[in-house]
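See structure below.
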Amino acid sequence: MLDPRLIRESPELVRAAIAKKHLKVDLDAALGADTAWRAQLHEVEQLRSVQKAANAAMAALAKGSPEFSAKVAEMKAVSSRVKEREAGLKAAEEKCREAMLALPNLPHSSVPDGATPEQNIVYSAHGDTSAVGPNAVPHWDVPGFARLFDFERGAKVTGAGFPFFVGEGARIVRALINFFLEEAARAGYVEVSPPILVNAASATATGQLPDKEGQMYETTPDRLFAIPTGEVPLTNFYREEILEAAALPVYRCAYTPCFRREAGSYGKDVRGLNRVHQFDKVELLKWVDPATSYDELERLRADAEALLQKLEIPYRVLLMCGGELGFAQSKKYDLEVWAAGQRRWLEVSSCSNFEAFQARRAQIRFRSRDTGRAELVHTLNGSGLAVPRVLAAIIENNLEADGRVRIPAALVPYFGKSHLSFA
RNA sequence: GGAGAGGUGACAGAGUGGUCGAAUGUGCAUGAUUGGAAAUCAUGUGUACUCGAAAGGGUACCGAGGGUUCGAAUCCCUCCCUCUCCGCCA
């Protein structure tokens with residue numbers, strides 16, 4: 001949610017910023033709803049003020065006295081008017097809230113213009129992507145792949161995109177999760193194991209609701225949502241709380257499975273481990289003082305990058321253009337690994353600053369040292385990292401002539417041996 | 001899942017229809033006292049919206065939502081959560 005004051009006072013500034021995101025947004029509807037709501041609020045408050053004054057006067061009168069009865073008769077009329085106007089006020093408030101929730105976050109001034117993936121800026125590139133081994137193939141074509149990553153049985157048991165990870169396949173997943181968690185801890189992130197079902201209020205705070213229900217799995221009859229990312233429970237940890245300034249910044253990390261319906265995906269994007277409905281991810285999350293949030297974003301990106309460097313996977317960093325930003329993001333870097341067999345880049349991390357957008361929805365504040373008042377924190381998050389695509393890249397980049405996959409040195413202690421075998 | 005008891009400010013805890021945004025205590029802040037501290041005393045100490053240049057007003061919030069009433073923390077209904085006992089269970 002945006003600062004309502006900003007929308008009222010500088011609507012053209014907001015309009016221009018939203019245009020950079022290439023989203024169709026009815027700002028005037030929000031402005032109109034806000035004005036209407038405030039006018040009605042003022043009216044109701046004045047009526048209530050009359051009621052309160054009368055109540056004070058009546059408290060001093062004898063219950064049965066004629067003066068008392070006269071007041072009751074008089075206030076009945078006011079009461080019914082209050083009821084009527086309150087109903088209108090409630091409707092106006094709801095309408096205003098809906099309109100406000102529909103407004104996206106504004107991009108930061110350093111975000112490049114653009115509407116398409118081609119307009120993202122390659123911020124940096126690391127490692128060699130030119131040397132393609134003679135046996136580099138898409139990971140799903142590696143002989144024996146289906147033994148370790150059993151999509152067929154997963155489809156039988158659950159549905160498409162819910163693979164079983166078997167034997168060394170399961171072991172490499174566990175090794176990656178542990179590696180990511182240990183590295184995060186070393187970088188100062190406190191580990192959390194959160195619920196992986198969340199309620200509607202939590203999904204609203206991080207921006208999945210309203211509008212994006214279709215991308216989440218939803219349970220009945222309790223209406224809980226399977227998290228699409230650890231960001232959701234993690235961010236909501238401090239929902240409706242006021243933190244002490246001294247407690248900031250807070251760094252947390254969490255391993256969770258993530259669930260995505262991915263309605264509308266198709267083709268080569270969804271082959272193999274590229275896109276699945278359930279996958280493992282370690283999420284990094286920060287709650288920070290607003291003054292520091294863009295420095296924190298750079299550090300967050302560096303933390304995520306360090307993982308890829310240690311795994312010796314060629315990767316690049318994209319600075320996302322306005323049109324490629326998510327609804328709630330102010331600025332985002334994507335980390336993409338090189339999948340040598342597919343000869344394409346796979347996104348394995350998104351590091352974003354949400355500024356106060358989520359914090360306002362979630363009412364996460366801190367007690368400012370300067371003003372003594374409760375102010376909204378800034379939230380940031382990034383993957384550190386998503387398991388299946390990192391795994392795909394390791395398989396495709398490290399496939400050796402004998403059909404085995406060389407495990408990066410940093411991962412060997414976690415995996416327990418130097419090679420993964422499909423035999 | 002069943003039965004019962006509860007949910008009040010940072011915390012404890014009073015308040016069962018009117019002058020209650022809410023006693024009292026603790027904590028915290030500032031000041032007095034002190035060489036300094038403790039103790040003591042005094043004052044202050046929530047969030048949000050809104051009007052105002054400011055000073056200062058107004059309104060809402062006693063788990064959430066709805067209802068009754070001229071008036072609700074207080075009465076009624078629904079839901080959520082916590083605790084105790086029972087059942088079930090990794």
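Remember, predicted model here, so these are calculated numbers, not experimental data. By convention in this document, chain letters (A, B, ...) are assigned in the order of the sequence lines, proteins followed by strands, and residues within each chain are numbered from 1.
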In terms of the angle between their ring planes, are A:F327 and A:F357 parallel, tilted or perpendicular, with boundaries placed at 30° and 60°?
perpendicular
What distance, rounded to whole Å, do you find between the two P atoms, one in B:U34 and one in B:U50?
49 Å
How would you label the contact of A:R223 with the nucleic acid (heavy atoms, under 4.0 Å): base, sugar-phosphate, or nothing?
nothing
Mind checking the C1' distance from B:G13 to B:G66? Whole angstroms is fine.
29 Å
Stacked cation flag A:R301 on A:Y333, 6.0 angstrom / 45 deg:
yes
Evaluate the ring planes of A:F145 and A:F151, with Trp represented by its six-membered ring, and classify them as parallel (under 30°), tilted (30 to 60°) or perpendicular (over 60°).
parallel
Taking 4.0 Å as the cut-off, does a side-chain nitrogen or oxygen of A:S49 come that near to OP1 or OP2 on B:G58?
no
Answer yes or no: is there an ion pair linking A:R367 with A:E244, defined by an N-O contact shorter than 4.0 Å?
no
Tell me which nucleotide among B:U47, B:U69, B:G21 gets nearest to the side chain of A:K52.
B:G21
Is any side-chain nitrogen or oxygen of A:R367 closer than 4.0 Å to OP1 or OP2 of B:U47?
yes
Could you let me know what B:G4 is paired to, Watson-Crick or G-U wobble, both distances under 3.5 Å, or none if it's on its own?
B:C83
Walking RNA chain B from its 5' end, the first of A:L41 and A:Q46 to be reached, judged by nearest nucleotide, is A:L41
Taking the same atom, C1', in B:G58 and in B:G21, what whole-Å distance lies between them?
14 Å
Looking at B:A14, which nucleotide sits across from it as a Watson-Crick or G-U wobble partner, both distances under 3.5 angstrom, or is there none?
none
Watson-Crick or G-U counterpart of B:G31, or none if no pair lies under 3.5 Å:
B:C41
P atoms of B:A64 and B:A72, separation to the nearest Å:
16 Å
Phosphate oxygens OP1/OP2 of B:C51: is one of them under 4.0 Å from a side-chain N or O of A:R38?
yes
Can you tell me, in whole Å, how much space there is between the C1' of B:C28 and that of B:C77?
41 Å
Report the nucleotide, chosen from B:U59, B:U19, B:A48, that has the shortest atom-to-atom distance to any side-chain atom of A:A59.
B:U19
Distance between C1' atoms of B:G35 and B:G52 (Å, rounded)
49 Å
Give A:K76 one of three labels, base, sugar-phosphate or nothing, depending on what nucleic acid heavy atoms sit under 4.0 Å from its own.
sugar-phosphate
Taking atom CD of A:E152 as the centre, does the number of heavy atoms from other residues, nucleotides or ligands within less than 6.0 Å exceed 12?
no
P-based separation of B:C88 from B:G63 [nearest Å]
35 Å
Going by modelled atom types, is there a donor-acceptor pair between the base of B:G18 and the side chain of A:K63 at under 3.5 Å?
yes
Can a side chain N or O of A:R365 be found less than 4.0 Å away from OP1 or OP2 on B:U47?
no
A:S79 vs B:U69: side-chain N/O to OP1/OP2 distance below 4.0 Å
no
Whom does B:G46 pair with, Watson-Crick or G-U wobble, provided both distances fall under 3.5 Å?
B:C61
Whether the side chain of A:R261 engages the backbone of A:G214 through a donor-acceptor N/O pair (distance < 3.5 Å, no angle test) should be reported.
yes
Contact class for A:R81 vs. all strands (heavy atom < 4.0 Å): base, sugar-phosphate, or nothing?
nothing
Heavy atoms under 4.0 Å, any strand shown: does A:K90 hit a base, just sugar-phosphate, or nothing?
sugar-phosphate
Could you tell me whether A:Q51 contacts a base, only the sugar-phosphate backbone, or nothing, with contacts defined as non-hydrogen atoms closer than 4.0 Å?
sugar-phosphate
OP1 or OP2 of B:C49 versus the side-chain N and O atoms of A:R8: is any pair under 4.0 Å?
no
Tell me the partner of B:G9, counting only Watson-Crick (N1-N3 plus N6-O4 or O6-N4) or G-U wobble (N1-O2 and O6-N3) with both under 3.5 Å; none if nothing fits.
none
